[in-house]
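Down below is the structure, laid out as structure tokens.
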Amino acid sequence: MNHKDIEKKWQKKWEEKIPSEGEKLYCLTMFPYPSGDIHVGHWYNFAPADVYARFKRMQGYRVFFPIGFDAFGLPAENAAIKRGIHPETWTYENIERMREQLKSMGCIYDWSSEIVTCDPGYYKWTQWIFLELFKAGLAYRKRVPANFCPSCRTVLANEQVVEGKCERCDSQVEQKEIEQWLLNIRNYAEELVSSLDDLDWPEKTKTMQKNWVGKSEGAIIEFTVAGRSLPVFTTRPDTIFGATYLVLSPEHPLLSEIKSEAENPAEIEDYIAESRMKTELERISETKEKTGVYVKGVTGMNPLTGEELPVFVADYVLMHYGTGAVMAVPAHDLRDYEFAKKHDMPIKRVISSKEDLPFEGEGETIHSGDFSGMPSEEARKRITDHLEKSKLGERKVNYKLRDWLVSRQRYWGAPIPIVYCKHCIKEKDKKTFIEGEEHAILPDENLPVLLPWVDDFNPSEEGKSPLSRNRHFKEAMCPRCGEKAERETDTLDTFVCSSWYYLRYADPHNEESFADKKKIKEWLPVDVYIGGAEHTVMHLLYSRFFTKALRDMGHLRFSEPFLKLRHQGVILGPDGRKMSKSKGNVVDPDKEIEKHGADAVRMYLCFMGPYDQGGVWSPSGIMGVKRFLDRVYKTEVKKDNNKEIDGLLHRTIKKVGEDIERMHFNTAISSMMTFLNEVSFMGVDQMRLFLLLLAPFAPHFAEEMWHNMNFKGSVHDAFFPQHDEELAKEEKVTMVLQVNGKVRAKVEVDAGISERKAKKIALKETEKWTEGKEVKKVIVVGNNLVNIVCVE
RNA sequence: GCCGGGAUGAUGAAACUGGUAAACAUGCGGCACUCAAAAUGCCGUGGGCCCUGCCCUUGUGGGUUCGAGUCCCACUCCCGGCACCA
């Protein structure tokens with residue numbers, strides 16, 4: 001069969017399809033970034049997902065399987081700058097090409113609901129959601145130390161910084177204090193952790209999200225420094241008797257006050273300046289070297305013991321976590337221990353244990369006044385109770401998660417729909433200072449705020465958006481007073497666009513709302529979501545946050561966007577390394593289709609190994625599935641069904657159905673291969689059923705065969721076969737006979753053999769090995785194994 | 001350092017709840033067809049030995065069990081994530 005002729009033909013016919021009736025099933029793959037060409041990685045995401053979607057549709061589900069493009073973002077600009085094409089032109093040209101390539105895969109995408117995030121019709125609603133968040137107090141503008149990538153010339157979210165470097169271009173990220181837009185994802189920290197449990201997600205992904213949010217329970221305790229209050233967060237109040245000094249972060253606001261009271265203000269000042277100079281990377285690389293200076297002449301006090309404590313400034317204490325200050329317990333905290341060793345501070349053990357210091361585990365309290373001699377867990381509770389009663393502290397839960405910085409100083413993104421007005425400031429207004437002047441922050445509800453076509457989209461040196469140079473765009477009318485005002489010129493991080501796209505699919509052309517409530521109810525939440533594991537802490541966390549925020553604002557009635565999540569693995573080049581142009585090991589799917597056909601490529605991707613594991617693309621491996629399809633094509637078809645083949649076939653049907661459901665595509669295919677290897681012909685009905693099994697994997701091939709056989713309608717409109725329990729039953733089975741756990745013989749027996757009979761046969765057949773020995777025990781396992789235990 | 005996940009033939013792997021380890025496929029070897037090659041088909045393919053048969057074998061060492069790739073303990077290596085989060 002010539003795949004080239006048949007694939008185009010069927011793809012054209014299928015495009016006319018519309019979803020049928022049945023229980024809804026929203027099946028989604030993470031939408032692609034229009035980078036230029038569809039690569040094997042896309043295929044590995046989309047093809048097996050399509051197998052699943054087709055399978056579910058054949059089972060009678062009303063499957064919704066949309067596709068779109070995550071079209072804003074830096075690569076468009078970078079590529080455009082390099083080649084002198086406008087990002088918009090570049091993006092839409094790529095989309096055009098990718099659409100054709102996607103169609104060549106033979107997926108059952110519903111193209112009528114396609115979305116492109118850089119279309120004004122889409123980003124209008126991205127902007128609208130941003131304003132909803134703003135009005136709900138979940139989007140705010142603040143001067144914060146931000147991660148700035150000098151090469152991309154924009155700030156980055158914490159999630160986009162990997163080991164102190166920009167995840168995109170690998171440049172070393174700098175810290176810059178700039179006014180930025182942030183989303184208050186921290187408000188949802190607790191729920192983002194607690195509601196993970198009910199989701200059918202890979203455990204690993206859940207754990208990673210939990211760790212990223214980083215919940216820890218402890219207490220805030222009121223220490224004092226030079227008579228002023230210094231709250232400190234700790235997860236170990238039980239070690240408070242072991243606190244031997246206090247440490248403030250260099251950015252701590254209290255420092256400016258106590259500095260002047262210290263005997264060494266210059267030294268402190270120098271240290272603060274020095275640590276401010278350090279980049280994120282330097283701080284990280286110095287994790288072992290704990291620097292800091294002693295604040296001479298200033299003492300702190302332990303509220304529980306009344307003990308006087310020396311005070312330090314050290315940058316191992318971070319301003320953005322807890323209260324920016326810690327009680328140092330060197331005996332029971334590794335970092336405090338290292339610092340104490342270096343600066344000769346006393347180390348006081350308060351938890352007994354056989355282990356050496358620093359000991360961070362649990363044990364019995366010692367040298368802890370009234371709280372001595374109890375398990376540390378109990379001490380933790382009692383000490384906290386005592387502190388709360390005496391108003392010296394309170395229980396507190398802290399999260400590592402930081403708010404999400406969403407403004408980008410780049411061109412190719414959704415404009416932030418905000419206007420700054422200096423004329424109409426009111427008491428209740430949210431305000432900001434632009435070049436020293438006070439401005440009210442006002443939402444521009446005249447949406448969409450269109451991204452203007454500009455020719456100069458190069459980012460500026462000082463990290464200002466290219467839009468800030470566009471006077472036309474920047475100059476706006478105040479939506480409240482009508483006076484001249486200034487428009488925000490930063491754009492939104494693309495992750496904002498992709499945090500809600502799964503909602504838009506339900507109603508992609510709606511101009512009145514982001515999606516009609518009825519349509520949302522009809523399709524959402526997403527039942528099965530398939531995509532790469534690299535999105536664990538960004539896209540997936542942000543989307544969950546958006547869903548919860550939109551729910552609380554009354555727009556949604558569910559709390560989690562993706563009920564079931566599966567990750568596909570990574571496909572490596574034939575040399576076993578990650579595919580990249582520079583290594584010359586890129587497999588071009590277009591060429592593979594040309595050579596072997598879309599069906600063979602789809603099937604090979606499914607067959608190569610467990611779906612979540614990925615693997616090495618083997619040019620010879622694909623021949624296996626190709627040969628298999630050829631053998632199906634050549635199989636002799638007889639008029640009547642053979643009963644024995646029926647048995648084999650129905651067992652295969654059972655296995656294939658179960659395996660696709662579990663997304664074990666590789667074993668589903670191997671069962672079909674095994675079946676074909678065991679038969680030399682099939683009856684017409686048997687071939688009909690077999691083609692149905694094959695249909696999700698090799699849709700064009702199965703359709704062509706289906707028509708050649710003169711079966712009715714489309715193979716894809718038929719129901720996926722249900723196995724017949726009676727036919728699937730085996731009459732004879734192989735029973736394995738063991739003596740002392742060693743396989744000694746195999747016998748054919750009736751499937752329904754009784755335990756007594758099995759025992760009898762087994763004893764007789766193994767006489768050779770049990771001769772002269774005493775049989776102590778005979779274990780019969782169903783009809784497939786008997787183990788005879790005997791001794792000399 | 002902490003948290004996950006993994007290690008099975010030459011290779012990708014299979015074995016769901018403990019019950020025949022290596023299904024299926026690639027590769028390799030042999031044979032058939034062919035003038036020849038490709039394609040296709042058939043056979044063989046974990047290791048060892050005193051080869052009709054027996055012994056060993058799922059990263060290493062121990063344990064539980066009639067029986068362990070699967071469960072428990074300790075260790076080695078590989079991959080992914082986090083990383084001064086008090």
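Just so it is clear: chains get the letters A, B, ... in the order the sequence lines come, proteins before strands, and each one is counted from 1.
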Problem set entry | salt_bridge(A:Lys760, A:Glu765) N-O dist < 4.0 Å | no
Problem set entry | Side chain of A:Asn787 (C-beta onward), nearest among B:C66, B:A86, B:A13 | B:C66
Exercise. Do we see a donor-acceptor contact under 3.5 Å between the side chains of A:Tyr604 and A:Glu592?
Worked result: no
Exercise. Are more than 12 heavy atoms from other residues, nucleotides or ligands located less than 6.0 Å from atom NZ of A:Lys210?
Worked result: yes
Exercise. Taking atom types as modelled and ignoring hydrogens, do the side chains of A:Tyr611 and A:Asn666 form a donor-acceptor contact shorter than 3.5 angstrom?
Worked result: no
For this session: Ignoring backbone atoms, establish whether A:Lys777 has a side-chain N or O less than 4.0 Å from OP1 or OP2 of B:C66.
Result: yes
Problem set entry | NZ (A:Lys757) with more than 12 external heavy atoms under 6.0 Å | no
For this session: Pull out every residue in residues 233-244 of chain A that has a heavy atom closer than 4.0 Å to any atom of RNA chain B, ordered by number, or say none.
Result: A:Phe233, A:Thr234, A:Thr235
Exercise. Taking atom P in both B:C78 and B:G30, what distance in whole Å separates the two?
Worked result: 39 Å
Exercise. When the distance from CD of A:Glu534 to C1' of B:C82 is rounded to whole Å, what number comes out?
Worked result: 17 Å
Exercise. Charged N to carboxylate O under 4.0 angstrom, A:Lys732 versus A:Asp750?
Worked result: yes
Exercise. Taking the P atom of each, how far is B:C71 from B:G6, in whole Å?
Worked result: 9 Å
Exercise. Just how far, in rounded Å, is P of B:A86 from NZ of A:Lys396?
Worked result: 13 Å
Problem set entry | Pairing of A:Asp630 and A:Arg627 as salt bridge, 4.0 angstrom limit | no
Problem set entry | Side-chain donor-acceptor contact under 3.5 Å, A:Glu251 with A:Ser249 | yes
For this session: Using the C1' atoms only, state how far B:U8 lies from B:G46, rounded to an integer number of Å.
Result: 10 Å
Shorter than 3.5 Å, N or O on both sides, protein versus nucleotides 20-26 of chain B: list them out with atom names.
unit_1 : atom_1 : unit_2   : atom_2 : d
B:U20  : O2     : A:Lys746 : NZ     : 2.6
B:A25  : OP1    : A:Asn677 : ND2    : 3.0
B:U26  : OP1    : A:Arg627 : NH1    : 2.6
B:U26  : O2'    : A:Ser620 : OG     : 2.8

Problem set entry | Salt bridge A:Lys341-A:Glu338, side-chain N to carboxylate O under 4.0 Å | no
Exercise. Using the P atom in both, what is the distance from B:C72 to B:G18, to the nearest Å?
Worked result: 11 Å
Look for any protein N or O under 3.5 Å of an N or O in nucleotides 53-57 of chain B and output each such pair with its distance, or none.
unit_1 : atom_1 : unit_2   : atom_2 : d
B:C55  : OP1    : A:Arg744 : NH2    : 3.3
B:C55  : OP2    : A:Arg744 : NH1    : 3.3

Exercise. What's the OH-P distance between A:Tyr316 and B:A83, to the nearest Å?
Worked result: 20 Å
Exercise. Has the side chain of A:Lys290 got a donor or acceptor that lies under 3.5 Å from a partner of the other kind on the base of B:C84?
Worked result: yes
Problem set entry | A:Thr207 side chain, from C-beta outward: closest of B:C84, B:A83, B:C3 | B:C3
Exercise. Between atom NE2 in A:His535 and atom P in B:G80, what is the gap in whole Å?
Worked result: 17 Å
Could I get a table of every N or O pair under 3.5 Å where one atom is in the protein and the other is in nucleotides 69-73 of chain B?
none

Problem set entry | Qualifying residues under ring pair (Phe, Tyr, Trp, His ring centres under 6.0 Å), relative to A:Phe628, sequence neighbours excluded | none
Exercise. Using 4.0 Å as the upper bound for N to carboxylate O, is an ion pair formed by A:Asp200 and A:Arg566?
Worked result: yes
Exercise. Which nucleotide, B:A14, B:G19, B:C82, lies nearest any side-chain atom of A:Val781?
Worked result: B:G19
Problem set entry | Interatomic distance, A:Leu572 CG vs B:A13 C1' [rounded to whole Å] | 15 Å
Exercise. Stepwise, does the side chain to side chain contact (heavy atoms under 4.5 Å, CB included) test hold for A:Leu357 with A:Ile347?
Worked result: CA-CA 9 Å; A:Leu357 296 180; A:Ile347 297 170; 3.9 Å; yes
Seminar exercise, completed: Paired runs of 3 or more consecutive Watson-Crick or G-U pairs involving RNA chain B, with both pairing distances under 3.5 Å, are B:1-7 with B:76-82, B:10-12 with B:24-26, B:27-32 with B:40-45, B:46-49 with B:53-56, B:59-63 with B:71-75
For this session: Between B:G44 and B:A22, how far apart are the C1' atoms? Round to whole Å, please.
Result: 16 Å
Exercise. Have A:Glu748 and A:Thr734 got a donor and an acceptor in their side chains that come within less than 3.5 Å?
Worked result: yes
Exercise. Going by atom types only, do A:Asn398 and A:Ser216 share a side-chain donor-acceptor pair under 3.5 Å?
Worked result: no
Exercise. Going by the angle between their ring planes, with limits at 30° and 60°, are A:His535 and A:His539 parallel, tilted or perpendicular?
Worked result: perpendicular
Problem set entry | Span that lies between the C1' atom of B:C24 and that of B:A15, in whole angstrom | 12 Å
Problem set entry | Ion pair check, A:Glu190 and A:Lys215, cut-off under 4.0 Å | yes
Exercise. In whole Å, what separates the C1' atom of B:G29 from that of B:U20?
Worked result: 27 Å
For this session: To the nearest Å, give me how far apart NE2 (A:His332) and P (B:A86) are.
Result: 17 Å
For this session: Compute whether any side-chain donor of one residue and acceptor of the other, for A:Thr291 and A:Tyr271, lie under 3.5 angstrom apart.
Result: yes
Exercise. Which value, in whole Å, describes the distance between the P atoms of nucleotides B:G53 and B:U60?
Worked result: 30 Å
Exercise. Of all the choices, B:G80, B:U40, B:A13, which nucleotide is nearest to the side chain of A:Lys634 once you look at every atom?
Worked result: B:U40
Problem set entry | Distance test, side-chain N/O of A:Gln613 to OP1/OP2 of B:C79, below 4.0 Å | no
